[in-house]
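Note sheet for the following structure.
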Amino acid sequence: MTGPASRAIIPGDEPPAPKPGGIADRARGARAAGGDYLAKLNPEQRRAVEALDGPVLVLAGAGTGKTRVLTTRIAHLLATGRARPWEILAVTFTNKAAREMKHRIGDLIGGVLEGMEWLGTFHSIGAKILRRHAELAGLKSGFTILDTDDQIRLMKQIIQAAGIDEKRWPARQLAGHIDHWKNKGLAPKDVPQGDGHVFADGRGVKLYAAYQARLKVLNAADFGDLILEPLRILREHPDVLAEYHKRFRYMLVDEYQDTNVAQYLWLRLLAQERKNICCVGDDDQSIYGWRGAEVDNILRFEKDFPGATVIRLERNYRSTAHILGAASHLIAHNESRLGKTLFTDAVDPEAAKVSVASSWDSEEEARAVGEEIEQLQRQGHTLNEIAILVRASFQMRSFEDRFVTLGLNYRVIGGPRFYERAEIRDALAYFRVVAQPADDLAFERIVNTPRRGIGDTTVRLLHDRARARGVPLTEAAAEMIGTDEINARARTAIRDLLASFDRWREQLETLPHTELAEIILEESGYTEMWQADRSADAPGRLENLKELVRSMEEFDSMAGFLEHISLVMDTDSEASADAVSIMTLHSAKGLEFDSVILPGWEEGLFPSQRTLDESGRVGLEEERRLAYVGITRARKRAYIRFASNRRIHGLWQSSVPSRFVDELPEAHVDVVEESNSYGGYGMGSYGESRFDTRDPFQNTYSTPGWKRAQKNRSGGGFDEASQGGYGNFSGPRSKQRFIEGDLVAKSVVGGSSIYETGERVFHQKFGYGHIATIDGNKLTIDFDKAGRKRVLDSFVERH
DNA sequence: TAATAGAAAATTTTT
DNA sequence: TTTTCTATTA
């Protein structure tokens, strides 16, 4: 990863090395050795750390100390003087993993790790290599990294330019194919004949080529290119390859089971000279096949690297024997695996078995989970140690709804990312055009945001001109303001905008970049646009913009910031508040919790029908691995649940328990008999839970949730700070719900509403309606479609 | 050109 | 059910 403080990469400009055997070097070695880092390892781990030479495959089961092995191995390399920090290539998949490794190596060697320039994600290291040799790929070193959204928009243009019906052949689909080819390491010329016919009657490859050509013109690379282009450079330029062979004495790869073909080829090429490559992974945790990961890479390792040492880590330090037993028995149903069996030495006769329970529908499921969590809480467990892991994100909703009602703190991990939000992308587009005038995609995004009277017609004219002259849009625009091809109003608007960009570009040299960022957002009228916006999420968006500018402070230039933002996808704001985590199974990989709740184990949902249809047995095995990942996240307690009915796309469907449920071993499972334990008002009937007509004001004020809400409030729990904190990683949806919790509490106080009787309002759920009566901030509204409802004024907007 | 209403489509997982 | 796109109208 390219961290904030990473130094500029100038070939040949290496940081000064401590002289091997010199004072600094010996002192460092002594300190590390004094830490006795090897003694803390079990025999298998120690073997994995000490087998420094030649290819090594470490098959590390869940919770067996994989990261410890990787980091200790690096510390060992450094301590024994085998390699200096910048001679080690260490690749991970996520920025988080890279960060953690850096941190833990630092702990091992007793200080801050410096000089490990080549520890990072595949993508950031790929970007680094590509920037050093950009000209070999037809790019300039300052190229832009496009995200998925930009990619799709670009492909849309290419499809249109080729005169292909964009409805029949959606850009998204083309993006899928191109992604697939890039994952396999195939440039347009390498795509096999048959493959090219999959899109638009055989024009797929042509479009791929056109897309690549367009990227070069835009001086841009997409995510696939960050792997594909370096691979091509290494293949076609032996001198460059030799340089890296010389440089990388040792290579380490984390999560090897997740590598795709391109990454594999890239690693093999780099490792072929010295062969000091150590891959750590777990075939049972390969869950990214759908985006090109090849489990085969890990299954084939010994063939690819003859004479490889294979070490299995099976001693688990995380979970109870029941949890391990359940997970192992389940995963044993898979055929394609190298085979490992986790075991633990820890004996705990008190340990709970894996609980399996069912519910009537997803709402009852959420209710039951809420109960389970409250019970855990009563037993003194903190919410931070509880996680709900779902297969698909739509499942999160019912839990969020329920937890808001209960006043139970939760956080959604994953979700819509900070950088993906419209306002952030808009702001970044402004910065990108300033930093890179040729960035047409960014320019197009903001020409008319905020509205300046530059509509589709004008943009099309600009496009025609740009294409005819072979120049970027900004340049075409500059030419066209001198002509009368565009109408006067749009022409003035464009002239003003271009003048602003010129001005900001000058200020790029003279002003600190954070200050410039504020100026840009202010002068462009962008912040004003949101200030004028009366919708509920406008204030949050402004807050996000502030946060964006604040986060820029960590960087020393606009360019450095833009590089970071395109590569670092995670917004890892650690929340201090105690809260239940809700996330997908995929994003739970690598995490662990005392209690893990696994809802939605139903055929069609988990295993996902779509995966089954698309990938058959292979897909089923991947789903099973996902289940395995889920169970092994738990240290002490795992709760598996399924519901008999679930609403999908607004339709109720009855569902059958997942086959995975029956694949669990009886000996480690406790089946919880159906219980209508919630509430006392015998509503086991269909109706009540299906149609949520219950009024939020009927909350009993003595429930744990209510008490908690009161406590939170008196402690200033729901203040702006905590909301802002959640806003960073949970969507606007959940954010709003937090506000809801607050207002329910305040409604006791009464007061006058900002609305008037008879006013027409809009409500997210119920649609349009007229206010019938007002009681404090509670409104009774006659909705056009939904009839008379009582709602809080914060839920409605003036219409 | 911009706002609006109504229809159609989409729903897994993400560096 | 919700979101996104499209066509219409002002």
Side-chain angles (χ1 to χ4, degrees), chain A residues 1 91-98 120-127 145-149 151 156 166-167 170 172 175-176 179 182-183 222-227 254-255 258-260 262-263 286-293 362 389-398 401 414-417 419-420 422 448-460 486-487 489-490 493 566-570 583-589 600 604-615 619 622-623 625-626 629-630 646-652 692 731 733 762 764-768 799:
Chain A
M1 130 178 142
V91 247
T92 64
F93 272 88
T94 64
N95 294 294
K96 200 175 156 201
T121 64
F122 272 102
H123 294 270
S124 63
I125 288 173
I145 298 167
L146 299 187
D147 59 31
T148 324
D149 199 73
Q151 265 183 65
K156 217 174 241 171
E166 198 220 311
K167 287 240 182 66
R172 197 163 282 285
D179 227 44
K182 287 189 174 177
N183 284 339
D222 66 18
F223 276 109
D225 287 342
L226 296 182
I227 309 296
D254 189 18
E255 308 276 18
D258 287 340
T259 50
N260 62 33
Q263 288 158 337
S286 164
I287 55 174
Y288 285 110
W290 52 274
R291 67 172 202 220
S362 51
L389 311 182
V390 296
R391 173 70 243 263
S393 42
F394 74 81
Q395 293 172 258
M396 294 178 180
R397 211 228 165 100
S398 52
D401 281 342
R417 283 151 200 286
Y419 78 99
E420 271 174 358
N448 204 29
T449 311
R451 304 249 130 91
R452 319 188 152 82
I454 307 172
D456 293 345
T457 331
T458 314
V459 173
R460 195 161 309 128
I486 352 180
N487 74 46
R489 189 187 296 172
S566 51
L567 283 172
V568 177
M569 307 301 215
D570 54 348
M583 68 187 97
T584 64
L585 286 160
H586 282 89
S587 41
K589 193 166 80 152
L605 175 59
F606 190 37
S608 137
Q609 192 55 50
R610 189 159 161 182
T611 306
L612 256 35
D613 292 344
E614 281 168 9
S615 320
E622 181 154 315
E623 294 285 305
R625 291 194 290 267
L626 208 42
V629 167
R646 196 169 286 275
R647 194 170 43 190
I648 297 173
H649 313 336
L651 289 173
W652 282 96
D692 192 12
R733 182 154 50 94
F762 175 76
Q764 279 288 329
K765 197 166 176 182
F766 302 129
Y768 292 93
H799 184 60

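Protein chains get the first letters and strands the later ones, always in sequence-line order, with residue 1 at the start of each. Everything quoted here is computed from the prediction, not taken from an experiment.
Taking the side chain of A:Ser393 as heavy atoms from C-beta on, and the options B:dT15, B:dT13, B:dT12, the nearest nucleotide is B:dT13. Side-chain proximity of A:Arg647 to the nucleotides B:dT12, B:dT15, C:dT1 is greatest for C:dT1.
We find that NZ of A:Lys589 is positioned 11 Å from P of B:dT15, with the value rounded to whole Å. Between the CE atom of A:Met396 and the C1' atom of C:dT1 there is a distance of 18 Å, given to the nearest Å. The nearest whole Å value for the distance from the NE2 atom in A:His586 to the C1' atom in B:dT14 is 9 Å. Between A:Arg291 atom CZ and B:dT13 atom P the separation is 12 Å, expressed in whole Å. The separation between A:Lys156 atom NZ and C:dC5 atom C1' is 9 Å, rounded to whole Å. If you measure from atom CD of A:Gln151 to atom C1' of B:dT14, you get 12 Å, rounded to the nearest angstrom. Taking atom NZ on A:Lys96 and atom P on B:dT14, their separation rounds to 13 Å, with Å as the unit. Atom CD of A:Glu614 is separated from atom P of B:dT13 by 14 Å (rounded to the nearest Å).
Counting only distance, with no hydrogens or angles, the side chain of A:Arg391 and the backbone of A:Leu605 share no donor-acceptor pair below 3.5 Å.
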In dot-bracket form, 5' to 3', how is DNA chain B paired? Count Watson-Crick and G-U wobble pairs only if both distances fall under 3.5 Å, and write | where the partner sits on another strand. ||||||||||.....
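Side-chain atoms of A:Arg391 come within donor-acceptor range of the base of B:dT13, with a qualifying N/O pair under 3.5 Å.
Residue contacts shown for A:Phe122 are absent, as no nucleic acid heavy atom lies under 4.0 Å away.
Centre separation under 5.5 Å together with a plane angle under 30° does not hold for the ring of A:Tyr288 and the six-membered base ring of B:dT13, so they are not marked as stacked.
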Pairs: protein N or O with nucleotides 1-3 of chain B N or O, under 3.5 Å:
{"unit_1": "B:dT1", "atom_1": "OP1", "unit_2": "A:Thr458", "atom_2": "OG1", "d": "2.8"}
{"unit_1": "B:dT1", "atom_1": "OP2", "unit_2": "A:Thr457", "atom_2": "OG1", "d": "2.1"}
{"unit_1": "B:dA2", "atom_1": "OP1", "unit_2": "A:Gly453", "atom_2": "N", "d": "3.3"}
{"unit_1": "B:dA2", "atom_1": "OP2", "unit_2": "A:Asn448", "atom_2": "ND2", "d": "3.3"}
{"unit_1": "B:dA3", "atom_1": "OP2", "unit_2": "A:Arg451", "atom_2": "NH1", "d": "2.8"}

N/O contacts under 3.5 Å, protein versus nucleotides 9-11 of chain B?
{"unit_1": "B:dT11", "atom_1": "N3", "unit_2": "A:His649", "atom_2": "ND1", "d": "2.8"}
{"unit_1": "B:dT11", "atom_1": "O4", "unit_2": "A:His649", "atom_2": "ND1", "d": "2.7"}

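The aromatic rings of A:His586 and A:Trp290 stand perpendicular to each other, their planes meeting at an angle above 60°, with 30° marking the opposite boundary. Ring planes of A:Phe93 and A:Phe122: tilted class, angle from 30 to 60°.
Side-chain contact between A:Ile145 and A:Leu567: present, with at least one pair of heavy atoms (C-beta onward) separated by less than 4.5 Å.
Using a 4.0 Å cut-off, some side-chain N or O of A:Thr584 falls inside it from OP1 or OP2 of B:dT14.
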